[in-house]
There are 2 protein chains.
Amino acid sequence: MSTQRPYHHGDLRRAVLDAAVEAITEHGPAGVGLRDLARRVGVSHAGPVHHFKDKAGLLTALAAEGFALLADALDATVAAGGDIVELGAAYVRFAVDHRAHFEVMFRPDLYHRDDPALVRERDRAGAALADGVADRPDPELASVAAWSLVHGFATLWNTGALPRDDRDPEAVVRAFAGRLFPT
Amino acid sequence: MSTQRPYHHGDLRRAVLDAAVEAITEHGPAGVGLRDLARRVGVSHAGPVHHFKDKAGLLTALAAEGFALLADALDATVAAGGDIVELGAAYVRFAVDHRAHFEVMFRPDLYHRDDPALVRERDRAGAALADGVADRPDPELASVAAWSLVHGFATLWNTGALPRDDRDPEAVVRAFAGRLFPT
DNA sequence: AGCGCAATCTTTTCACTGTCAAGTTCGTGT
DNA sequence: ACACGAACTTGACAGTGAAAAGATTGCGCT
């Protein structure tokens, strides 16, 4: 047998994160095991520990990555001149496209919620959202309302609670976001 | 020692469910263990199994109970002549008052989502929600919008993502539910 | 009243998980 | 070239959910 995998994986951290995303999209955050991930990646059962310290550490990294991706997506749409409805659509698109990340992000009982890197990215995403409603009357309330609307829709959609009659989730969100925030 | 607990607990099923609610409100659904619950209730580690079969079975029962409670609460407010805004407020009040139930209910990866008793109560709650928006224009869309709004607010509130500046969550919800659904 | 049966609970065991401590292998800078 | 530290492995331990088999008890039936 010539194909012995090398002692050093190369980029184990990335590989484990990717495997976690795959496992979570299949079985939900509850059905993910450190040892199982190690197996998928082809590494000893304690390999990942060196990179994440904890199971919670792994999920912390995943959540941080998720908030970073979300912040990027939101920033991009405001940079493109998108209004508040576009911002909501981007939020929903992120939740649907990155379901694994999204589910972990809003389960703070699974990770270390005061991790500095995590906090940084989370605040960045929060700032992007706040910017989107800054020009509205009563921005405090508007921010909470907008966030609630898109977040609720996204989670209900992802858990399969909504009738999935082959409609595009983004289109649905645009429909009633326009009603709550008329231009 | 005279106080030997009897071999039969009396109402173990109820006791375990209550213990689960307590444990989940403290540590989240991830931090609940079958054995731990058995300890709290003062019963051997395999005692609960006989009543719920599974860990998932226990959570199924909890979710079913939650949907039943929610359906009752919603039915009560429509019976009292509450409009759609009142219905939303009731939804949020339920989510805050019964956080443990609520969190499990919308994590279908944790329980048996096709359990007949569960399905029955879930549908009952869904019907109550649908009734509340039946007299609106485009009730299909209105139902999804209203549900998204209150559900999103409730989950964000419960996960601690929203600024908790000592405001009553019900009042907040009334404020922007009135905006989305003017009377 | 008393008998038997089935529901309820316990005990034992097993495979599996996360975490830790100690070893092994390897890239990298000097 | 060589040591040093980072990356991974190996082995062990306590704790978990699940299943099987045994102990206890309430309850219906005659």
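Keep in mind that this is a model prediction, so the values were computed, not measured. In what follows, chains are A, B, ... by sequence order, proteins preceding strands, each numbered from 1.
Among the nucleotides D:dC8, C:dT10, C:dT19, the one closest to the side chain of A:L12 is D:dC8.
In this structure, B:H45 places its NE2 atom 11 Å from P of D:dT16, rounding to the nearest Å. Atom pair A:H50:NE2 and D:dC8:P shows a separation of 8 Å (rounding to whole Å applied). Rounding to whole angstrom units, CG of residue A:L34 and C1' of C:dG18 are separated by 7 Å. Rounded to whole angstrom, the span from the CG atom of B:D54 across to the P atom of D:dA18 amounts to 5 Å. Atom CG in B:L59 sits roughly 13 Å away from atom C1' in D:dG17 (whole-Å rounding). When the C1' atom of D:dC8 is taken as reference, atom CZ of A:R39 falls 17 Å away, rounded to whole Å. If you take NZ of A:K53 and C1' of D:dA7, they are 17 Å apart, rounded to a whole angstrom. Rounded to a whole Å, the OH atom of B:Y111 is 20 Å from the P atom of D:dG17.
Residue order along DNA chain C, read from the 5' end via each residue's closest nucleotide, puts B:R13 first among B:R35 and B:R13.
Between the side chain of B:T60 and the main chain of B:H112, a donor-acceptor pair closer than 3.5 Å is present. In this structure, the side chain of B:R164 engages the main chain of B:W157 through a donor-acceptor pair within 3.5 Å. No side-chain donor-acceptor contact under 3.5 Å links B:R122 to the backbone of B:A68.
Counting any heavy atom pair closer than 4.0 Å across all strands shown, A:H51 reaches sugar-phosphate atoms only and no base atom. Base engagement by B:G47 is indicated by at least one non-hydrogen atom pair under 4.0 Å involving a base atom.
Using a 4.0 Å cut-off between charged nitrogen and carboxylate oxygen, B:R99 and B:E26 do not count as a salt-bridge pair.
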